[in-house]
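Note sheet for the following structure.
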There are 2 protein chains.
Amino acid sequence: MATIRDVAKHAGVSVATVSRVINETGYVHEDTRRKVETAIRELHYTPNEVARSLYKRKSRLIGLLLPDITNPFFPELARGVEDEMQANDFRIIFGNSDENRKKEKDYIQTFVQNNVVGVIASTNHPDNDTYRKLDIPVVFLDRTADNRPSVYSDGREGGRIAAQEMLSRGSRKITVIKGPKHIRPAQDRYQGAIDVLSNEGIAFNVIQTSSYSFTEAGTWAKELFEKHPDTDGVIASNDIVATAVLHEALRLGKKVPDDVQIIGFDDIPLSTLLTPSLTTIRQPAYDMGRAAASLLIQLIENENVDNKTIQMPVTFTERDTTRKVEQHG
Amino acid sequence: MATIRDVAKHAGVSVATVSRVINETGYVHEDTRRKVETAIRELHYTPNEVARSLYKRKSRLIGLLLPDITNPFFPELARGVEDEMQANDFRIIFGNSDENRKKEKDYIQTFVQNNVVGVIASTNHPDNDTYRKLDIPVVFLDRTADNRPSVYSDGREGGRIAAQEMLSRGSRKITVIKGPKHIRPAQDRYQGAIDVLSNEGIAFNVIQTSSYSFTEAGTWAKELFEKHPDTDGVIASNDIVATAVLHEALRLGKKVPDDVQIIGFDDIPLSTLLTPSLTTIRQPAYDMGRAAASLLIQLIENENVDNKTIQMPVTFTERDTTRKVEQHG
DNA sequence: TTGTATGCGTTATCAT
DNA sequence: ATGATAACGCATACAA
């Protein structure tokens, strides 16, 4: 690899001059500029980011910490972050936390050791010292904490909508699937749903789950229909679980949505392609990723950011696992 | 952030000594070691990886370039890579190439600028200078090139198996969905399938597609049944497309697998949860990711690697979009 | 067993 | 308009 010294020698100038043309800083004569540029081209020189990073005490790297890229919701987020970062010449160091505090901490530490200029994290413990003591900007994604920069959607509201739509479509023996205890958005959704159900005085059953894993989802779906065979409406903790429930319902010969209605959460790309296609509470994952990246960049560049916590809309996305409600007027 | 100098001062020793205890290199008296360790703890010191990287001209970073993390096959790969790398204290700089050469080149360049010690890439142009001229190890993942380190599965064989199983289950009006022209594994699968079909003298139709995107998949599925309504067997280019085909077939009132059989490719996690669940040619994505990471690490550590190109098995994974074949014996 | 000094490739300050 | 040089934080060769 050619260094700035090689270029300087090759062009017959000093390293300072080369640095000036690279960074377009300070004066440099047109002729020498051209000489330097030629040298750069001939030697295929590209600046060493590590040396830059060391000197400036900041890099063009950001850290992205997501729970599990294997859950189809997160690739959308990640892609949004990446596209926005890429467009602004930032690169991403990526890690999966598995919602595990130790992993989380370890990753944040190595992010810092690598001089990242900011981090985007999807964590259930935003108030932990791991984040509070960081002296680089952090944006929480798909999670939030009072007054800290974050991009998320209102899980509670989503849960409420799900319950309302379920009720207005006639289900009365509702089972709510409660997502993992330690995952914040999962609890919000659950709370929102049971708020509405309780208010309306509707009895409901609950299935407690402990992960979003594909393999376990099927187990919970089975458990659901074994324990509560007369269920006529399922509010799932996310689309993966909803998909498993749909699968199990059909396997048991139930008609969806006639016998059982199902509402999922997230709107992962595959939801449309299920049969019947999945009604769900949509979060605009890709846009959330982009927004988080964009917010982080503003923070990094020290711009005055007026709106540090961005709440994205959750939207009821009606498809075919729920019945049509009659139109009035 | 505390530096090695701060630690040295705080412990009343020189930076060299601190460095020795950190790296467990050279002699250091038990007492001074303890002093240093205490200082490290008290100052919450962690070594600056950037400075290390600059001095040693190598980091603990590797570059991972995947086509599109939004395609459910790739998160599995990525996760495999990440887990193995994480276990060996390497971190990942991640990028999506969109199978686009310019993006690919740009990413590889910034990888190099950041002193990565190796890269894992899923590219259709492994013979490009971008890779040939790299002086760090590269492992190709889900792709291969003669004699270069790679982890992949035999797409052609997969295509053959798909066609054979389709035939042995009685389909005779087969439509093969041909994946994007510029994606190598897609072409391999296609070739494998038509090899068998041609050999057996079976006529078949082809639907040409240009991406693996979720949104377009539905379009091709529609096109398929419009152009070739009498199709009784579909060999899809991957599971996403297969899912769209299944969806469309059911929408048209066809019975699957009685009227139409469908075989996908990849075995993405959702395949099991479709109804009917998807028969597919499985690639062990997670294991491929781990294997690639493991291979790269060996290459980085300069070990003698006997088997540089690892071919993983493709396996016919029979589920419910194909008919059962009778058991003999 | 420990310390001093040098260099990794940049950028920026200060001369010239 | 250009060049010499210090400094970023660390690891190592060499000296002590």
Side-chain angles (χ1 to χ4, degrees), chain A residues 1-37 39-40 43-61 89 109-117 135-136, chain B residues 1-37 39-40 43-61 89 109-117 135-136:
Chain A
M1 278 282 91
T3 75
I4 198 172
R5 260 199 188 72
D6 301 328
V7 176
K9 203 168 300 174
H10 195 270
V13 299
S14 76
V15 293
T17 303
V18 178
S19 180
R20 282 189 198 98
V21 350
I22 294 170
N23 299 295
E24 307 186 17
T25 162
Y27 300 95
V28 37
H29 191 90
E30 194 49 35
D31 295 349
T32 57
R33 162 187 312 287
R34 253 191 290 278
K35 275 193 300 182
V36 171
E37 279 165 349
I40 288 179
L43 299 180
H44 297 105
Y45 168 77
T46 89
N48 181 324
E49 279 297 330
V50 176
R52 275 189 172 166
S53 173
L54 179 60
Y55 181 84
K56 305 181 114 180
R57 291 211 205 68
K58 51 166 71 173
S59 66
R60 297 296 288 180
L61 257 21
D89 290 323
Q109 192 190 98
T110 60
F111 288 167
V112 170
Q113 290 180 301
N114 283 285
N115 269 9
V116 302
V117 281
D135 40 41
I136 49 175
Chain B
M1 278 282 92
T3 75
I4 197 172
R5 257 197 192 73
D6 301 327
V7 176
K9 201 168 303 176
H10 195 270
V13 299
S14 77
V15 294
T17 302
V18 178
S19 180
R20 283 187 198 102
V21 350
I22 294 170
N23 299 295
E24 305 185 18
T25 161
Y27 300 95
V28 37
H29 191 90
E30 195 47 36
D31 295 349
T32 58
R33 162 187 311 286
R34 253 192 289 278
K35 274 194 301 182
V36 171
E37 280 166 350
I40 289 179
L43 299 181
H44 296 104
Y45 169 76
T46 92
N48 181 324
E49 279 298 328
V50 176
R52 274 189 174 166
S53 173
L54 179 61
Y55 178 84
K56 304 182 112 181
R57 292 210 204 69
K58 52 166 71 171
S59 66
R60 298 294 291 180
L61 257 21
D89 289 322
Q109 194 190 96
T110 60
F111 287 168
V112 171
Q113 290 180 300
N114 283 285
N115 269 8
V116 303
V117 281
D135 40 41
I136 48 174

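Below, chains carry the letters A, B, ... as their sequence lines are ordered, and counting in each starts from 1.
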Contact residues, residues 19-28 of chain A to DNA chain D [heavy atom, < 4.0 Å]: A:R20, A:Y27, A:V28

What is the distance from [atom1] of [X] to [atom2] of [N], rounded to the nearest Å?
X	N	atom1	atom2	value
B:I4	C:dT4	CD1	C1'	14 Å
B:Y55	C:dT10	OH	P	18 Å
B:R5	C:dT6	CZ	C1'	12 Å
A:R57	C:dA12	CZ	P	12 Å
A:N48	C:dG7	CG	P	18 Å
A:K56	C:dT13	NZ	P	12 Å
A:L54	C:dG7	CG	C1'	12 Å
B:H29	C:dT2	NE2	C1'	12 Å

Atom NZ of B:K58: over 12 foreign heavy atoms under 6.0 Å: no

About how many Å separate [atom2] of [Y] and [atom1] of [X], when rounded to the nearest 0.5 Å?
X	Y	atom1	atom2	value
A:N23	A:R52	CG	CZ	5.0 Å
A:N48	A:I4	CG	CD1	10.5 Å
A:T3	A:K9	OG1	NZ	8.0 Å
A:D6	A:M1	CG	CE	10.0 Å
B:E49	A:Q109	CD	CD	9.5 Å
B:Q113	A:S59	CD	OG	12.5 Å

B:S14, nearest nucleotide to its side chain (from C:dT4, C:dC8, C:dT10): C:dT4

Candidates C:dT4, C:dT10, C:dT2 - which lies nearest the side chain of A:A51: C:dT10

Whichever of A:V15 and B:A16 has its nearest DNA chain C nucleotide further upstream toward 5': B:A16

Candidate list A:D31, A:V13, A:I22, test side chain to side chain contact (heavy atoms under 4.5 Å, CB included), partner A:V36, passing option: A:V13

Start and end of the DNA chain D segment that chain B contacts, any atom under 4.0 Å from a heavy atom: D:dG9 to D:dT12

Sugar-phosphate, base or nothing in reach of A:V13, heavy atoms under 4.0 Å: sugar-phosphate

Sugar-phosphate, base or nothing in reach of A:T32, heavy atoms under 4.0 Å: sugar-phosphate

Side-chain heavy-atom pair B:N114, A:L61 within 4.5 angstrom cut-off: yes

